[in-house]
Amino acid sequence: MKKVAVIMGSDSDLPVVEKAIGTLKKYGVEYEVHVYSAHRTPAEAGAFAENAVRNGFGAIIAAAGKAAHLAGALAARTTLPVIGIPVKSSTLDGLDALLSTVQMPSGMPVATVAIDGAENAALLAVEILAVSDDGLREKLESARRENTAKILAKDAEISAKYQ
Ligand code: RP5
């Protein structure tokens, strides 16, 4: 199975990124975690992306806040799918990071999740790997069934309460 790379722009992003790591763990996906910044360590970030296919990765998750160019900078150097997590790490509540991550030019896609949406970023990475991995697909389908059952149980409880 291919690995997932989890890259964050600063160690201050870790509390958000940990949710993605936890989800990858839950699905038994191999991953590597790094701190590389588009601005502070551009050479290292670029080299990681350029070597990612050769190093066995199938998707890259990139989390950054403020002027969040990390996901785009990685996407510019690889044809692997890149998933951007805009991190709420500034006085602008993450809107700055959301716009910096999502507004990519044509030809250079980044799949952007919600502000601090680390769990969905990991699930999207798992779904990408599951395209060629039936075991992983079955795990995703089973989790969807569990979620459905949980919501329907809440529906039954709340609708009974207000009858
Ligand atoms: C971004 O700037 C990082 O991704 C982080 O979200 C934000 C603040 O970084 P620190 O100043 O906390 O290192 O590049």
Side-chain angles (χ1 to χ4, degrees), residues 1-133 136 139-140 143-144 147 150:
M1 193 199 298
K2 299 277 189 195
K3 296 182 286 185
V4 173
V6 183
I7 316 292
M8 68 201 93
S10 167
D11 62 342
S12 66
D13 300 320
L14 190 55
V16 170
V17 170
E18 272 175 342
K19 291 185 205 107
I21 297 169
T23 301
L24 295 173
K25 259 189 205 161
K26 181 177 147 193
Y27 282 91
V29 169
E30 268 188 73
Y31 57 84
E32 268 183 37
V33 182
H34 296 280
V35 179
Y36 294 134
S37 162
H39 307 119
R40 293 163 172 164
T41 63
E44 289 77 4
F48 182 89
E50 277 170 13
N51 293 316
V53 170
R54 187 172 326 132
N55 287 334
F57 292 96
I60 297 176
I61 295 171
K66 296 187 173 172
H69 299 135
L70 180 60
L74 296 172
R77 297 194 177 242
T78 181
T79 53
L80 284 175
V82 175
I83 303 160
I85 308 172
V87 176
K88 181 178 166 176
S89 62
S90 79
T91 48
L92 296 180
D93 279 344
L95 187 58
D96 46 354
L98 173 63
L99 297 179
S100 302
T101 306
V102 79
Q103 289 285 46
M104 288 296 292
S106 294
M108 203 54 64
V110 165
T112 306
V113 296
I115 295 168
D116 289 354
E119 183 180 0
N120 271 358
L123 284 173
L124 189 51
V126 174
E127 288 179 357
I128 288 165
L129 299 192
V131 167
S132 56
D133 188 314
L136 216 42
K139 285 185 192 173
L140 284 164
R144 289 278 179 101
N147 273 345
K150 270 188 213 158

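In this text the structure is predicted, and so the values were computed from the model without any measurement. Counting convention: from 1, in listed order, for ligands and their atoms alike.
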pair Lys2-Ser132: side-chain heavy atoms closer than 4.5 Å: no
Looking only at protein heavy atoms, identify the closest one to atom 2 (O) of ligand 1 and say how far it is in Å. Gly65 O, 3.9 Å
Backbone, side chain, both or neither: what part of Arg40 comes under 4.0 angstrom of ligand 1, heavy atoms only? side chain
Answer yes or no: is there an ion pair linking Arg77 with Glu50, defined by an N-O contact shorter than 4.0 Å? yes
Using modelled atom types only, decide if a donor and an acceptor are shared between the side chain of Lys19 and the backbone of Ala118 within a distance under 3.5 Å. no
Polar contacts were defined as any N/O atom of the residue lying under 3.5 Å from an N/O atom of the ligand; does this apply to Ser12 and ligand 1? yes
What are the two closest heavy atoms between Tyr27 and Lys139, and how far apart are they? O-NZ, 3.1 Å
Using heavy-atom distances only, which candidate in Asp13, Val35, Ile7 approaches atom 6 (O) of ligand 1 most closely? Asp13
Note: Ala64, heavy atoms under 4.0 Å from ligand 1, region reported as both
Pick from Ile83, Leu24, Leu80: which one makes a side-chain contact (heavy atoms from CB on, under 4.5 Å) with Val4? Leu24
Please write down residue, atom name and distance for the protein heavy atom closest to atom 10 (P) of ligand 1. Ser10 OG, 3.4 Å
For atom 7 (C) of ligand 1, which protein heavy atom lies nearest, and how many Å away is it? Ser89 OG, 3.7 Å
What distance do Asp13 atom CG and Ile7 atom CD1 have between them, rounded to the nearest 0.5 Å? 12.0 Å
